[in-house]
Amino acid sequence: MAAPCGRRSCSQYLLHLAQDNLDFRLPEIKALLSLRGKPFRPGEKFEEKSPFWCLDGLSEEHVRGIMARSVCAKSAFELWGHGQTHGQLKTSLLAYPPENMSPYLQKDSTYRINVYTFNKTLEFKDRIQRIDAMEYLPFEGAVSLKSPDHVFCLLEDYGTDPNNIPEEPFHVYFGRWVADGQRELIRSYSVKNRHFIGNTSMDAGLSFIMANHARVKENDLVFDPFVGTGSLLVACSHFGAYVCGTDIDYNTIHGKGRSSRTNQKWRGPDENIRANLRQYGTEKSYVDVMVSDASKAVWRQGLLFDAIITDPPYGIRESTRRTGSHKDTTKPPEDFCGESHVSVSMAYHLSDIFADLLNFSAHHLVMGGRLVYWLPIYSPEYCEEMVPLHPCLRLVSNCEQTLSSHTSRRLLTMEKFKEPQEADLLSHLSEQRFSPYQGHNSFREKYFSGVNKRGPKEENGINGE
Ligand SMILES: C[S@@+](CC[C@H](N)C(=O)[O-])C[C@H]1O[C@@H](n2cnc3c(N)ncnc32)[C@H](O)[C@@H]1O
């Protein structure tokens with residue numbers, strides 16, 4: 001049987017991916033490959049939504065590098081055989097070059113075979129029967145369940161429909177385990193156990209995905225203009241980047257004011273972003289954060305960041321505002337918050353937030369540097385033309401996270417490919433692409449109108465909740 005994943009002469013690798021955040025997986029793996037200068041080369045019959053991907057053209061070192069970063073991939077295997085039935089798997093395995101197998105099957109080494117089934121639970125006896133059936137492979141070493149030198153895995157794919165599980169698997173794979181991904185980070189960095197959190201702290205898994213989409217790497221300088229409690233900086237510092245940020249809110253930057261924890265009224269003395277990095281052992285990566293309005297040009301020209309990664313305010317749990325002067329406003333704006341230290345503030349339209357963010361990124365990213373940010377969407381009206389573009393930034397990926405039946409947000413990744421000229425400055429007023437976001441807090445109005453129509457149950461978390 002011709003191997004469904006393509007060539008046999010060089011190794012193929014099988015990625016087992018988590019079945020959540022489906023949209024985010026391909027851009028993550030592509031970004032991590034491109035960090036190592038490798039293109040994404042899927043095997044034949046690649047299915048993006050499948051939990052199993054065969055990849056060509058990689059070395060074990062590349063695969064280990066990807067797995068050391070990925071939060072979307074669970075495990076990676078050197079693929080020894082594959083088929084649509086166990087018979088086909090056997091034919092495929094027997095055709096695998098023996099010289100590639102033998103280093104792992106030696107007499108003086110121990111091994112274990114795991115059985116993994118996707119979308120079906122096998123009884124213990126069936127697992128044992130599957131393992132016994134692999135006896136046609138020339139294993140010479142002894143079995144060690146506790147600490148084997150080599151781990152192999154038989155993986156069976158029963159499709160993705162839990163209401164329609166077939167008797168026999170659609171695909172079976174056998175391979176040598178190479179590495180696990182970084183799913184553990186989702187638990188160990190959970191905001192539930194984080195020192196300093198706020199109402200809009202970004203969930204750990206998504207923060208790491210954003211850092212990966214941005215291709216953040218060791219010694220990079222990363223900036224978050226809407227830093228909040230610094231969740232994105234925490235993720236970037238884990239990957240060895242130096243991090244800094246700004247926020248308009250004095251209390252957030254200085255870790256003062258009311259606590260977001262239910263059992264605590266005021267923030268404690270050391271509840272701030274620096275303490276969050278300290279909690280995870282990355283304080284050395286902390287550059288600084290400061291109170292600043294993202295709509296104002298406060299940075300000197302020529303200051304460049306390797307990545308800009310941010311979660312702008314949508315006005316759901318926080319107002320979208322910017323600093324103003326008494327000239328700009330004759331009466332206190334509706335969304336003025338009494339606790340704020342900003343003396344005068346005015347509406348900051350979503351359209352302006354995105355235009356400013358793209359312009360800022362075009363000026364302050366290194367060439368090839370990436371901007372990664374969230375765009376809120378009122379789903380019934382979404383079309384691709386709504387995605388903000390910039391003449392100096394190439395759109396790399398656009399991934400949806402559904403929040404409710406009528407709202408979602410899209411994670412946009414853009415890469416700088418050109419230095420901005422005078423003519424490239426986006427004009428907020430003339431740029432029609434942003435029109436869905438023109439009215440102040442129009443997304444907010446639609447968000448809540450949908451909630452009211454459908455009842456509060458559907459109010460799914462936005463901004464990481
Ligand atoms: C969605 S939150 C960011 C949450 C952050 N990612 C975290 O994990 O905590 C948006 C932040 O933008 C800030 N913000 C709102 N308007 C701003 C402005 N004009 N300039 C800078 N920051 C602003 C808000 O104070 C809020 O902290």
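Order of listing sets the numbers, starting from 1, for every ligand and every atom in it. Keep in mind that what you see is a predicted model, and the values were worked out from it rather than measured. Atoms considered below: every heavy atom in the structure, side chains included; atoms not considered: hydrogens, waters and symmetry mates.
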Charged tip of Arg194 within 45° of Tyr189 ring normal and under 6.0 Å: no
Ser295 contact mode with ligand 1 (heavy-atom cut-off under 4.0 Å): neither
Within-shell test, Pro313 vs ligand 1, heavy atom, strictly < 4.0 Å: yes
Check ion pair Glu184-Arg187 (N to O, under 4.0 angstrom): yes
Any Ser207 heavy atom less than 4.0 Å to ligand 1: no
Heavy atom of Gly198, distance to ligand 1 below 4.0 Å: no
Distance-only side-chain donor-acceptor flag, Ser201 / Thr229, under 3.5 Å: yes
Interfacing atoms of ligand 1 (cut-off 4.0 Å, heavy-atom, Pro225): 21 (C), 22 (N)
Element-labelled atoms of ligand 1 that are located less than 4.0 Å from some non-hydrogen atom of Ser292: 20 (N), 21 (C)
Where ligand 1 meets Ala294 - atom numbers and elements under 4.0 angstrom, heavy-atom basis: 18 (C), 19 (N), 20 (N), 21 (C)
Residue pairs, two or more places apart or on separate chains, that pass salt bridge (charged side-chain N to carboxylate O under 4.0 Å, His left out) and touch residues 153-164: Arg130-Glu156
Option with minimal heavy-atom separation from atom 14 (N) of ligand 1, where the choices are Val191, Asp203, Leu232, Ile248: Ile248
Between Asp247 and Thr252: side-chain donor-acceptor atoms closer than 3.5 Å: no
Part of Thr246 within contact of ligand 1 (heavy atoms, under 4.0 Å): neither
Sub-4.0 Å heavy-atom contact, Thr310 with ligand 1: no
Polar contact flag, side-chain donor to acceptor under 3.5 angstrom, Thr407-Ser404: yes
Centroid separation Phe305 to Trp299 less than 6.0 Å: yes
Met202, any N or O under 3.5 Å of ligand 1 N or O: yes
Test log, rule salt bridge (Lys or Arg N to Asp or Glu O under 4.0 Å), inputs Asp270 and Arg278: CA-CA 11 Å; Asp270 198 26; Arg278 190 180 308 133; 2.8 Å; yes
Heavy-atom gap Asp293 to ligand 1 smaller than 4.0 Å: yes
Partners meeting side-chain contact (heavy atoms from CB on, under 4.5 Å) with Ile186 (sequence neighbours left out): Arg183
Numbered atoms of ligand 1 (with element) below 4.0 Å of Asp311, judged on heavy atoms: 1 (C), 2 (S), 3 (C), 6 (N), 10 (C)
Residue selection (non-hydrogen contact nearest atom 11 (C) of ligand 1) among Asp247, Asp249, Leu206: Asp247
